[in-house]
Amino acid sequence: MNGKWGTFITFEGGEGAGKTTVLSRLSELMKEQGIPFLITREPGGIEIAEKIRTIILDPLNTAMDSRTEALLYAAARRQHLVEKVIPALQQGIHVFCDRFIDSSLAYQGHARGLGIEHILSVNSFATEGKMPDRTFYLDIEPEKGLARIEANRGREVNRLDLEELSFHHRVREGYHLLADRFSDRIVVVDADRDIETVVNDIKGYLSLALKGFRE
Ligand code: TYD
């Protein structure tokens, strides 16, 4: 990637892994250091994609077919990428995105059983092959992640939270397959530790990935 572009960093993990908290801590650190960045999320991040998000995650949409779900995620991803992510990167702004293609590969590809290769091909069409420069996968046992959500009742409950435990185990298994396959890009972070320790680990990798970021 040419030096003027920002770095595209994604954060992945199962439910309750702590992505949101980690991102808010990293945001404070980036602000303190005066580094241009933006934080965004999937599905959503811009108006059209947020509208798609409400359809996908509506707990009342129990009839949603899994391929429909996969296509909606890819559609939301496409719009968010071209409308928000790429323009920011082009201006030299680093983009931190809460979930991206690996979520579809782990959730729809592996856990729903649609196949990682099929989901990769649908998503390659949506993204024209654009991949993150670095991905932090926050790894935690589903039982522990779900217990955190239970303890933090302020968070919205969505359609995927209502899945059985075995689904969340398959999601984790999917992420492990991806971490092996894309080992140059994906950093596995043990998320079953206190938040400061997790943030400190990621800070070390960020200082390597982002010019100017000090640990
Ligand atoms: P969200 O409330 O953002 O959950 P979290 O805080 O865990 O990120 O809901 C996003 C849900 O959508 C989450 O359960 C994961 C799921 N998802 C997919 O299944 N495929 C995808 O491609 C994306 C982006 C998310």
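Note that ligands are numbered from 1 as they come in the structure, with each ligand's atoms numbered from 1 the same way. When reading the values below, keep in mind they use all heavy atoms of this one structure, side chains included, and skip hydrogens, waters and symmetry mates.
- Judged by distance alone, with hydrogens and angles left aside, the side-chain atoms of Arg112 form no donor-acceptor pair with the main-chain N or O of Phe167 at under 3.5 Å.
- Between Phe8 and Phe100, the gap from one ring centroid to the other is short of 6.0 Å.
- Under the salt bridge (Lys or Arg N to Asp or Glu O under 4.0 Å) criterion, no residue pair touches residues 82-94, with sequence neighbours excluded.
- Using a 4.0 Å heavy-atom cutoff, Arg77 is listed among the residues neighbouring ligand 1.
- With Phe100, Tyr73, Phe11 as candidates, the residue nearest to atom 16 (C) of ligand 1 on a non-hydrogen basis is Tyr73.
- Where the criterion is an N or O separation shorter than 3.5 Å, residue side chain and backbone included, Arg99 meets it with respect to ligand 1.
- When atom types are taken as modelled, the side chain of Gln108 and the backbone of Arg67 share no donor-acceptor pair closer than 3.5 angstrom.
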Q | Trace of the ring pair (Phe, Tyr, Trp, His ring centres under 6.0 Å) decision for Phe11 with Tyr137 | A | CA-CA 6 Å; Phe11 294 79; Tyr137 163 55; over 10 Å; no

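- Of the heavy atoms in Leu57, only side-chain atoms (C-beta onward) come closer than 4.0 Å to ligand 1.
- Contact annotation for Arg53 and ligand 1: only side-chain heavy atoms (C-beta onward) come within less than 4.0 Å of the ligand.
- No N or O atom of Arg41 sits closer than 3.5 Å to an N or O atom of ligand 1.
- Glu173 pairs by the side-chain hydrogen bond (donor to acceptor under 3.5 Å, both in side chains) definition with His110, not counting sequence neighbours.
- Considering backbone and side-chain N/O of Gln108, one or more are found under 3.5 Å from N/O of ligand 1.
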